[in-house]
Amino acid sequence: MGSPHDLPDVSLLTISILGGTGPQGRGLGRRLAMAGNQVVLGSRSAERAQDAAAQLSAAGLSVTGADNSAAAAQGDIVIVAVPWEGHGELLVSLRAELAGKIVVDCVNPLGFDKGGAFVLAVPEGSAAQQAATLLPDSTVVAAFHHVSAVLLADETVDALDTDILVLGDDRHATDTVQALAARISGMRGVYAGKLRNAASVEGLTANLISVNRRYKAHAGLRVTDV
């Protein structure tokens, strides 16, 4: 894992978030804008994205809103934070806009029933691997799966006590996403393997949901001895 001293400088990059009006996307956008990055919230509805951005801009943050296509085109790095049900269809439609970019997939393919959250089977192996298959001209990295949307949005929480597991097949791309995670106060990006191992990281979200339900918490992860 690269140390914070040898990770790339990502402070001037524009970060676009597809699904940026949802709790996770909006929360990540808020925290990255607080860290000083320009953020573009994307949504199926440009108006909804602009409304969400205006609320964050009112707090002095550099955030704009656009439809998902325009947001994808504007971002230097694009985070995918859409519901699993629309994941593949959206990425196919944005293949041209996402070409040549680092695409960070934080989607968790989960189902829910009376027993709680459970992992859904994905033909490609994981949401991140599906993204890589559908976006052959992009560099896909898996990250930001286990961050509490509640804590991201909570104005009383100054720092998030969590590590971000970062997976991918391109060292520069994973270093870049580790650096992006480190922009958020309290976070650290930890390299966690190749993209083929993303399924276990995505699926671990189901376990964390069970932890949170039992203990009425917003649990995250810390990696020891690193």
Side-chain angles (χ1 to χ4, degrees), residues 8-109 127-128 130-145 147 149 152-153 164 166 168 170 173-174 176-177 179-181 183-184 187 189 202:
D9 180 5
V10 296
S11 60
L12 299 179
L13 298 184
T14 295
I15 313 302
S16 290
I17 304 178
L18 308 182
T21 58
Q24 192 83 357
R26 181 188 169 107
L28 282 171
R30 175 177 176 269
R31 293 288 173 167
L32 289 168
M34 287 173 63
N37 286 87
Q38 171 67 43
V39 171
V40 183
L41 300 182
S43 173
R44 287 178 295 179
S45 161
E47 182 178 6
R48 188 161 65 243
Q50 290 159 2
D51 287 346
Q55 294 175 36
L56 295 176
S57 295
L61 302 178
S62 183
V63 182
T64 59
D67 63 54
N68 281 322
S69 177
Q74 292 174 48
D76 298 308
I77 296 176
V78 180
I79 297 174
V80 182
V82 298
W84 167 242
E85 292 72 22
H87 180 262
E89 182 181 0
L90 177 67
L91 295 184
V92 168
S93 72
L94 299 178
R95 184 176 291 167
E97 289 86 347
L98 296 172
K101 300 186 178 187
I102 294 174
V103 175
V104 184
D105 200 299
C106 64
V107 176
N108 300 305
Q130 182 184 87
T133 299
L134 297 176
L135 301 173
D137 300 317
S138 304
T139 303
V140 175
V141 174
F144 297 112
H145 299 90
V147 190
L152 287 170
I164 301 299
V166 179
D170 180 282
T174 55
T176 299
V177 177
L180 188 65
R183 299 276 294 161
I184 298 176
M187 277 191 192
E202 294 171 6

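No experiment lies behind these values; they were computed from the predicted model shown. Computed from heavy atoms alone, side chains included, the values below leave out hydrogens, waters and symmetry copies.
Judged as a ring pair (Phe, Tyr, Trp, His ring centres under 6.0 Å), not a single pair has a partner in residues 64-83 (not counting sequence neighbours). Pairs engaging residues 65-82 under the side chain to side chain donor-acceptor pair (under 3.5 Å) rule: Ser69-Glu97 [sequence neighbours left out]. Residue pairs satisfying the ring pair (Phe, Tyr, Trp, His ring centres under 6.0 Å) criterion with at least one member in residues 60-98, sequence neighbours excluded, are listed as follows: Trp84-His87. Screening residues 21-75 for ring pair (Phe, Tyr, Trp, His ring centres under 6.0 Å), with sequence neighbours left out, gives no hits. Evaluation of the ring pair (Phe, Tyr, Trp, His ring centres under 6.0 Å) test over residues 33-54, restricted to residues two or more places apart or in two chains, returns none. Applying the side chain to side chain donor-acceptor pair (under 3.5 Å) rule to pairs touching residues 9-20 yields Asp9-Ser11, sequence neighbours excluded.
In this structure, Arg48 places its CZ atom where more than 12 heavy-atom neighbours from other residues, nucleotides or ligands lie under 6.0 Å away.
Residues satisfying the side-chain hydrogen bond (donor to acceptor under 3.5 Å, both in side chains) criterion with Asp137, sequence neighbours excluded, are absent altogether. For Gln55, the side-chain hydrogen bond (donor to acceptor under 3.5 Å, both in side chains) partners two or more places apart in sequence, or in a different chain, are Arg26. Residues meeting the side-chain contact (heavy atoms from CB on, under 4.5 Å) test with Ser93, sequence neighbours left out: Leu90. For Thr133, there are no side-chain hydrogen bond (donor to acceptor under 3.5 Å, both in side chains) partners at least two apart in sequence or on another chain. Applying the side-chain contact (heavy atoms from CB on, under 4.5 Å) criterion to Ala81, with sequence neighbours excluded, gives Ile17, Cys106. Partners of Ser62 by side-chain contact (heavy atoms from CB on, under 4.5 Å), not counting sequence neighbours, listed by chain and number: Gln38.
Proximity of Pro136 to Arg95: side-chain heavy atoms (C-beta onward) are separated by under 4.5 Å at one or more points. For the pair Leu94/Leu18, a side-chain contact is recorded, criterion being any heavy-atom separation below 4.5 Å from C-beta on. Contact of the Leu56 side chain with the Val39 side chain is not registered, since no non-hydrogen atoms from C-beta on lie closer than 4.5 Å. Between Ile79 and Leu32 the shortest side-chain heavy-atom distance falls below 4.5 Å.
Across every non-hydrogen atom of Ala71 and Gly42, the tightest pair is CB-CA, 3.7 Å. Closest non-hydrogen pair, Val141 versus Ala173, comes out as CG2-CB, 3.7 Å. Closest heavy-atom contact between Val63 and Ala33: CG2-CB, 3.6 Å. Considering all non-hydrogen atoms of both residues, Leu41 and Ala49 come closest at O-CB, 3.5 Å. The two atoms that bring Ile164 and Ala143 nearest to each other are CG2-CB, 4.0 Å, heavy atoms only. Between Thr174 and Val166, the shortest heavy-atom contact is O-CG1, 3.8 Å.
Arg183 places a side-chain N or O within donor-acceptor distance of the main-chain N or O of Ala35, the cut-off being under 3.5 Å. A donor-acceptor pair under 3.5 Å is absent between the side-chain atoms of Glu202 and the main chain of Ala142, judged by distance alone. Remark: side-chain polar atoms of Thr139 are not paired, donor with acceptor, to backbone N or O of Ile102 under 3.5 angstrom.
The structure places CD of Glu89 at 11.5 Å from CG of Leu134, a figure rounded to the nearest 0.5 Å. In this structure, the separation between CG on Leu13 and OG1 on Thr176 is 7.5 Å, given to the nearest 0.5 Å. In this structure, CD1 in Ile184 is found 5.0 Å from CZ in Phe144, a value given to the nearest 0.5 Å. Annotation: the span from Leu61 atom CG to Arg30 atom CZ amounts to 7.5 Å, rounded to 0.5 Å. We find the CG-CE distance between Leu180 and Met187 to be 9.5 Å, quoted to the nearest 0.5 Å.
Across Asp51, Thr21, Val82, a single residue satisfies side chain to side chain contact (heavy atoms under 4.5 Å, CB included) together with Ser43, and that is Thr21. Here the options are Leu91, Val92, Asp105, the test is side chain to side chain contact (heavy atoms under 4.5 Å, CB included), and the partner is Leu135; only Leu91 passes.
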